[in-house]
Student: 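I'd like to ask you about the structure that follows.
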Amino acid sequence: MSEQPLNPTPSGSPDDEATPTGPARTGSTAADALADVPTGSTAADALADVPTGSTANADDSATDEAAVLRAASFERARRLRMEPRFPGGPAADPAGSHHERRIRSFQPRRSRVTTGQQEALERLWPKWGLDIDGKRVLDLAELFDGLPVVLEIGFGMGEATAQMAADDPGTGILAVDVHTPGQGNLLGLADRAGSTNVRVANGDAVILLREMLAPESLDGLRVYFPDPWPKARHHKRRLIQPDFLDLVAPVLKPGAIIHCATDWEPYAEQMLEVLTAHPRFENTAAGGGYAPRPAFRPLTRFEGQGLDKGHVVHDLLFARV
C-alpha cells in the first residue's frame, strides 16, 4: 500500500501536472519516494531511491524516513507471517483466511531449525505433513491406510510421539503442533525408525477439530504436558476447558480415550474437575481420581527433569460415552 506525501502540493499549482516516473526528484522527501513506488515494491526499496541530501527540510526528512522504516518493518513482519520458511513445507499461517478473535492456548514462535530438521521437512513434509487450513475434511482412513487414529495435540520435539509410533505400528498418530523445529525433528525420528504411521499437522488444533475431522473419526486424544499458563489472568488460555471438550466429544468414537498428563498440580485439578463435570466423558480410574501412567506413554526427558525437581505427574484417562 503506497503512502501520499506528507506535504502535498496545493491544488491548482503547476506541479498538479503528471510527473515522470523514476528516482525521487531533487527536493523531494522520503515519503515522496514512497508514493512513487510501483505496486509490489517494499518501503525499503523506496527509501533506497531517495538521493543523499535531497530533502528540503531536515526535520521533515527525519520524520519521513522514520515512517518509511516503520513501513518496511511491517512489510518484513507480514512476509514472515505469510511465507513458509521452507518451500513445500509447513505454511507460516495455514488458516489465515479463518482468522478470528479467539483466545488461543498456544503462542507460535520461530526458533532455529537445524540442518537435519530442515532436510526432514523438505524431504518428508510433502509425504507426511499437512496444514490445518480449515478448507477440507480429512479422510483419515485414506491418510493412514485404514489404521485406527489417535490425535496428539502438542508434541514438543516429538521424541515421545516417535517412540509411541514405533511401539504401536498398528495405530496411526495425527500429531499437531506449530513449532517448526519440533515438526522437522518428529519427521526425522519417525523416518529413521521406519515408522510410517505418523502424520504431522501444522496449525491450530481447534480449527482441526471444528472443521476438518468427521464425526466419530478418532480412536483417542492425547494431550501431554500442555502449557499450564500458571498466572491467574492466563488461566483462560488453558486448553482443557468445557468449550474444548464440546469440540472433542463429537469427533471421538464411543469408548475412545482422552488421555491428559501434566506435572502442574493446579492444572491437573482443573483437568479433573472439567472432565468429570462433562456429560460426554467418564473417568476410567477406580475411585474417580487420577490414573497410573499407562505403559504406552513413555517417560519423556522433560518429564524426567520435572520428577528430579520433585514434581508430581498426574495422568487422567476418560472414556467418551
Student: Measure across Leu187 and Trp125 and return the closest heavy-atom pair with its distance rounded to 0.1 Å.
Tutor: CD1-CE3, 3.9 Å
Student: Do you reckon Leu307 sits in the same ILVMFWY cluster as Phe225, going by side-chain contacts under 4.5 Å, direct or chained?
Tutor: yes
Student: So which heavy atom on Leu121 is nearest to which on Pro90, and how close?
Tutor: CD2-CD, 3.9 Å
Student: What's the spacing between Arg320 CZ and His278 NE2 if we round to 0.5 Å?
Tutor: 10.5 Å
Student: Look at the side-chain heavy atoms of Ile, Leu, Val, Met, Phe, Trp and Tyr, link any pair under 4.5 Å apart, and say whether Phe296 and Ile173 land in one connected group.
Tutor: yes
Student: Atom CD of residue position Gln305 - does it have more than 12 heavy atoms of other residues, nucleotides or ligands inside 6.0 Å?
Tutor: yes
Student: Check whether Gln117 reaches the backbone of Gly188 with its side chain - one donor and one acceptor, N or O, closer than 3.5 Å.
Tutor: no
Student: Give the minimum heavy-atom separation between Val200 and Phe155, together with the two atoms involved.
Tutor: CG1-CZ, 3.9 Å
Student: Determine the minimum heavy-atom distance between Thr262 and Met271, stating which atoms define it.
Tutor: CG2-SD, 3.9 Å
Student: Starting at CG of Leu218, measure out to NZ of Lys253 and round the result to the nearest 0.5 Å.
Tutor: 8.5 Å
Student: Would Leu140 and Leu213 count as a side-chain contact (heavy atoms from CB on, under 4.5 Å) if you check the C-alpha gap in whole Å, the side-chain angles of each, and the deciding distance to 0.1 Å?
Tutor: CA-CA 8 Å; Leu140 296 183; Leu213 294 176; 4.1 Å; yes
Student: Taking the basic N atoms (NZ, or NE/NH1/NH2) and the acidic carboxylate oxygens, is any pair closer than 4.0 Å for Arg123 and Asp191?
Tutor: yes
Student: Kindly give the heavy-atom pair with the smallest separation between Pro230 and Trp264, and that separation in Å.
Tutor: CB-CZ2, 3.3 Å
Student: Supply the atom-to-atom distance Phe244 CZ to Leu239 CG, rounded to the nearest 0.5 angstrom.
Tutor: 4.0 Å
Student: So, the side chain of Arg238 versus the backbone of Pro228: is there a donor-acceptor pair under 3.5 Å, distance only?
Tutor: yes
Student: Using the side-chain contact (heavy atoms from CB on, under 4.5 Å) rule, take Met164 and Glu152 through it: C-alpha gap first, then chi angles, then the decisive distance, then the call.
Tutor: CA-CA 11 Å; Met164 288 187 290; Glu152 182 178 0; 3.9 Å; yes
Student: Output, in order, the C-alpha distance, side-chain angles, deciding distance and verdict of side-chain contact (heavy atoms from CB on, under 4.5 Å) for Ile257 and Phe318.
Tutor: CA-CA 6 Å; Ile257 298 295; Phe318 279 70; over 6 Å; no
Student: Please tell me whether Leu247 and Leu174 are part of a single hydrophobic cluster in this structure, the criterion being side-chain heavy atoms less than 4.5 Å apart.
Tutor: yes
Student: Applying the 4.5 Å side-chain criterion to the ILVMFWY set and letting contacts propagate, would Phe281 and Leu316 be lumped into a single cluster?
Tutor: yes
Student: Starting at CG of Leu124, measure out to CG of Leu186 and round the result to the nearest 0.5 Å.
Tutor: 10.0 Å
Student: Just checking Trp128: does its CH2 atom have more than 12 heavy atoms from other residues, nucleotides or ligands closer to it than 6.0 angstrom?
Tutor: yes
Student: Can you tell if the side chain of Leu245 reaches within under 4.5 Å of the side chain of Ile258, non-hydrogen atoms only?
Tutor: yes
Student: To the nearest 0.5 Å, what is the distance between CD1 on Ile240 and CD1 on Ile153?
Tutor: 7.5 Å
Student: Heavy-atom distance under 4.5 Å between the side chains of Gln241 and Gln270, does that happen here?
Tutor: yes
Student: Minimum heavy-atom separation for Pro226 and Ala261, please, with both atom names.
Tutor: CD-O, 3.5 Å
Student: Decide yes or no for Ile132 and Met212: does some side-chain heavy atom of the first lie under 4.5 Å from some side-chain heavy atom of the second?
Tutor: yes
Student: Roughly how far, to the nearest 0.5 Å, is CG of Asn197 from OG1 of Thr171?
Tutor: 7.5 Å
Student: Between Glu216 (side chain) and Pro254 (backbone), is there a donor-acceptor pair under 3.5 Å?
Tutor: no
Student: Is there a side-chain contact between Val251 and Leu151, using heavy atoms and a 4.5 Å cut-off?
Tutor: no
Student: Is Arg136 salt-bridged to Asp133, cutoff N-O under 4.0 Å?
Tutor: yes
Student: Taking the side chain as every heavy atom from C-beta outward, state whether Thr161 and Leu189 have any pair of such atoms under 4.5 Å apart.
Tutor: no
Student: What about Val150 and Leu317, same hydrophobic cluster or not, with Ile/Leu/Val/Met/Phe/Trp/Tyr joined at side-chain heavy-atom distances under 4.5 Å?
Tutor: no
Student: Between Val313 and Leu299, does a side-chain contact (heavy atoms from CB on, under 4.5 Å) hold up when you go through it step by step?
Tutor: CA-CA 10 Å; Val313 176; Leu299 184 69; over 6 Å; no
Student: Using 4.0 Å as the upper bound for N to carboxylate O, is an ion pair formed by Arg293 and Asp315?
Tutor: no
Student: More than 12 heavy atoms of other residues, nucleotides or ligands under 6.0 Å from CD of Glu282: yes or no?
Tutor: no
Student: If you define the side chain from C-beta out and look only at heavy atoms, does anything of Lys309 sit under 4.5 Å from Asp263?
Tutor: no
Student: Kindly indicate whether the side chain of Glu159, heavy atoms from C-beta on, has any atom under 4.5 Å from the side chain of Thr300.
Tutor: no
Student: Do Val149 and Leu143 have side-chain heavy atoms sitting under 4.5 Å apart?
Tutor: no
Student: Regarding His314 and Tyr267, is there a side-chain donor-to-acceptor distance under 3.5 Å anywhere?
Tutor: no
